[in-house]
Amino acid sequence: MSKLKEQHCDACRADAPRVTDQERESLQREIPDWQVIDVAGEHQLMREFRFRDFAAALVFTNQVAELAEAENHHPALLLEYGKVTVRWWTHKIGGLHRNDFIMGARTDLLA
Ligand SMILES: C[C@H](O)[C@H](O)[C@H]1CNC2=NC(N)=NC(=O)C2=N1
């Protein structure tokens, strides 16, 4: 199977399954710089990206936003001076779908 960074999101349905613990551990190995966090009982992927200043962080933020629009799959983005915190999860299923790992891998390509 092709690498996560070369894949596109599937249209995600409300009845789509969350990844299993085994799938999550396997997928995480392809995006080692991302953490799995628990926010109000829902698993999310999170990574901090560092930049020289606010303007550089803003450029990256806009690139991630364009990727999200292109894939119709949207992150939480925290833009700060020299730092952007990105969180991916699938709202419809309240947790992690394969799509979130694809978007994590594709986000890494933008940094
Ligand atoms: C109507 C629209 O297609 C849906 O709400 C999409 C938009 N972007 C999304 N992004 C994320 N991360 N999860 C979703 O469930 C989701 N659903």
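Just follow the structure's listing: the first ligand is 1, and inside any ligand the first atom is 1. A quick note: this is a predicted structure, and the numbers were derived from the prediction, not measured.
Formation of a donor-acceptor pair under 3.5 Å by the Ser26 side chain with backbone atoms of Gln22 is not found in this model. At distances below 3.5 Å, not a single donor-acceptor pair connects side-chain atoms of Asp53 with backbone N or O atoms of Gly82. No donor-acceptor pair under 3.5 Å is formed between the side chain of Glu66 and the backbone N or O of Gln63.
When only non-hydrogen protein atoms are considered, atom 12 (N) of ligand 1 lies nearest to Trp89 O, 2.7 Å.
Some N or O of His91 is nearer than 3.5 Å to an N or O of ligand 1, by distance alone. Between Asn72 and ligand 1, an N or O atom pair is found at a separation short of 3.5 Å.
The side-chain contact (heavy atoms from CB on, under 4.5 Å) test with Arg47 is passed by exactly one of Val86, Ile31, Asp33: Asp33.
Nearest residue to atom 4 (C) of ligand 1 from Met103, Lys92, His74 is Lys92 (criterion: closest heavy atom).
Between His73 and Trp88, the ring-plane angle classifies as parallel under the 30° and 60° cut-offs.
For atom 1 (C) of ligand 1, no protein heavy-atom neighbour is present inside the 4.0 Å cut-off.
Between the side chains of Gln7 and Arg106, not a single donor N or O lies within less than 3.5 Å of an accepting N or O.
Distances shorter than 4.0 angstrom do not occur between any heavy atom of Trp88 and any atom of ligand 1.
With a heavy-atom cut-off of 4.0 Å, Ile93 does not touch ligand 1 at all.
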